[in-house]
Amino acid sequence: MLRFSDILRQHGVKVWLSNLVGSLAVGIVGAFIFVLFFFALMIVGGALLVGSLPSGISLDTMTGDEIIPMLDSFFSSGTLLILLLFLLIGGILYLLLEAFQNAGSISVAVQAVAENKSDISTYFSKGFKYMLKAFLVYLLSSLAYLVPGLLLLIGIIAAGMNSPVIGALLILIGLIGFFILGLAFMHAPYILISEDTDVILSLKKSFRLFTKAFGRVFGSFFFAMLLTVAIVVVYLLVSFVFVFLGNSGNQGVLAVMELIQFLLQIAITPFIMMIITLMIAYRYHKYLRPLIVNVEAEPAAPATDDADVSFSIKKSDPDSPSTERKDDE
């Protein structure tokens, strides 16, 4: 396997372009769905509202005393259920778009790492292929967040009811729970796509990696976040320079600076997605995959490249039998 820096150099541009094109496509489709649902909601809600008006009364002539009973009748006649159904359908469509975007982004990263090639069409073909499975992975894994979420809610309520110590403790436990579960299920979509496996098995194997190789799982998160923070810092510094140059008073310079800032805003999120997915996919295939799939582990790369550092709490010989575990599918 190539070093991370070599993969980034050879395939980084195409992986970034895949994320850029994919995010623009998802944004356009998402905007269209939002507008469609907005007008549908206005039409249906308006028709139901007019239908709930007493005979011979219009909205223009209603007094304040007449509006409250009318609204009570409006929401007690099943209208609230219809509105909730609209919100549910809209939420599912939004999550499906997010699942498609994440599946496409991970797919091109996995292709670059595992196959040493990159193709923008992979984003869309694999995105559609794994969209529903990725949606189910995120949906099922999110159920585990109910426990820390409940602790967080109770902590906030307790903090507001003159129990700041208990509230702060529950909030801290809830936040730690969110972080731990995020690490535990972080590799599930990568396993799902890399191994072309089912939803439940990808979640189980991701949790197994978390328990058996916590150091390297945390290392994947650490290096991905480290690179992300570095990118954001550079982006903010560049933006500050552009703002400073834009304040020179020259309208031409101001227009150019605003255009450059707009293009950077469009490019920065796909670039961060490219870095995160490539880093996690790289470390999964190099260090973690041998723990759940019957493959030979590759020797660790020299520590001169930060992205290739194993970051393991308990280091083991990659050639030892413990790294050659059979897939228990």
Side-chain angles (χ1 to χ4, degrees), residues 1-32 93-138 186-199 201-202 205-206 220 223-224 227-228 231 263-290 292-293 295-296 298 301 305 307-308 327:
M1 181 185 293
L2 296 175
R3 296 166 63 86
F4 179 77
S5 55
D6 296 328
I7 294 173
L8 189 61
R9 183 174 61 253
Q10 293 183 23
H11 304 287
V13 174
K14 273 195 175 182
V15 176
W16 169 74
L17 282 175
S18 300
N19 282 278
L20 177 62
V21 174
S23 62
L24 290 175
V26 168
I28 293 172
V29 174
F32 174 78
L93 289 176
Y94 170 78
L95 291 177
L96 283 173
L97 286 176
E98 286 291 308
F100 164 78
Q101 189 172 12
N102 290 330
S105 181
I106 293 172
S107 295
V108 292
V110 167
Q111 183 186 45
V113 170
E115 304 176 28
N116 193 25
K117 64 179 183 179
S118 51
D119 190 348
I120 296 177
S121 63
T122 300
Y123 186 103
F124 294 92
S125 60
K126 294 293 182 67
F128 283 115
K129 178 181 179 180
Y130 293 105
M131 177 177 65
L132 183 57
K133 283 188 174 183
F135 169 76
L136 293 175
V137 164
Y138 295 128
M186 181 176 67
H187 287 92
Y190 293 86
I191 296 171
L192 176 78
I193 294 171
S194 296
E195 316 307 331
D196 194 20
T197 186
D198 60 71
V199 172
L201 196 57
S202 64
K205 289 188 174 184
S206 179
S220 297
F223 287 120
L227 291 175
T228 299
I231 293 169
L263 294 177
L264 282 176
Q265 289 174 358
I266 294 176
I268 188 65
T269 301
F271 189 79
I272 291 175
M273 281 297 297
M274 178 266 293
I275 290 293
I276 292 175
T277 53
L278 274 180
M279 173 59 69
I280 297 177
Y282 172 80
R283 288 181 56 83
Y284 166 72
H285 279 268
K286 192 169 186 67
Y287 301 118
L288 297 170
R289 188 168 183 256
I292 56 174
V293 179
V295 294
E296 294 289 339
E298 294 191 19
D305 191 343
D308 295 341
D327 190 349

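Just so it is clear, the values below take in all heavy atoms, side chains as well, and ignore hydrogens, waters and symmetry mates.
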Could you check Trp16 against Leu20 for side-chain contact (heavy atoms from CB on, under 4.5 Å), going step by step and ending with a plain yes or no?
-> CA-CA 6 Å; Trp16 169 74; Leu20 177 62; 3.9 Å; yes
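- Between Pro270 and Ala267 the shortest heavy-atom distance is CD-O, 3.3 Å.
- No side-chain heavy atom of Leu2 sits under 4.5 Å from any side-chain heavy atom of Arg9.
- Not counting sequence neighbours, the partners of Glu115 by the side chain to side chain contact (heavy atoms under 4.5 Å, CB included) test are Gln111, Lys117.
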Evaluation steps, side-chain contact (heavy atoms from CB on, under 4.5 Å), between Thr269 and Ser23 = CA-CA 9 Å; Thr269 301; Ser23 62; over 6 Å; no
Worked check of side-chain contact (heavy atoms from CB on, under 4.5 Å) between His11 and Asn116 | CA-CA 8 Å; His11 304 287; Asn116 193 25; 2.9 Å; yes
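- A donor-acceptor pair under 3.5 Å is absent between the side-chain atoms of Ser206 and the main chain of Ser202, judged by distance alone.
- For an aromatic pair to be called close, the ring centres must be under 6.0 Å apart, and Tyr190 with Tyr284 fails this.
- Counting only heavy atoms from C-beta outward, the side chains of Phe124 and Val21 approach each other to under 4.5 Å.
- Nearest heavy atom pair, residue Pro290 against residue His285, reads CD-O, 4.3 Å.
- At distances below 3.5 Å, not a single donor-acceptor pair connects side-chain atoms of Asp119 with backbone N or O atoms of Thr122.
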Can you list, pair by pair, the side-chain donor-acceptor contacts under 3.5 Å of residues 94-108, counting residues two or more places apart and other chains?
from	atom 1	to	atom 2	distance (Å)
Asn102	ND2	Glu98	O	3.2
Ser105	OG	Asn19	OD1	2.6
Ser107	OG	Ala103	O	2.6

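- Rounding to the nearest 0.5 angstrom, the gap separating the CG atom in Asp6 from the OH atom in Tyr282 is 8.5 Å.
- For the atom pair NZ (Lys205) and CZ (Arg289), the distance works out to 9.0 Å, reported to the nearest 0.5 Å.
- Going from atom CG of Leu227 over to atom CE of Met279 covers 4.5 Å, rounded to the nearest 0.5 Å.
- Around atom OH of Tyr138, more than 12 heavy atoms belonging to other residues, nucleotides or ligands sit under 6.0 Å away.
- In this structure, Ile275 CD1 and Ile231 CD1 are separated by 4.5 Å, a value rounded to the nearest 0.5 Å.
- Considering CG of Leu278 and CG of Leu8, their distance stands at 6.5 Å, rounded to 0.5 Å.
- Taking every heavy atom of both residues into account, Ile191 and Thr197 meet most closely at O-CG2, 3.8 Å.
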Test side-chain contact (heavy atoms from CB on, under 4.5 Å) on Ile193 and Lys126 and set out the steps.
-> CA-CA 8 Å; Ile193 294 171; Lys126 294 293 182 67; 5.7 Å; no
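- The side-chain heavy atoms of Arg283 and Leu288, taken from C-beta on, include no pair separated by under 4.5 Å.
- Note: Met274 CE to Phe271 CZ = 4.0 Å, rounded to the nearest 0.5 Å.
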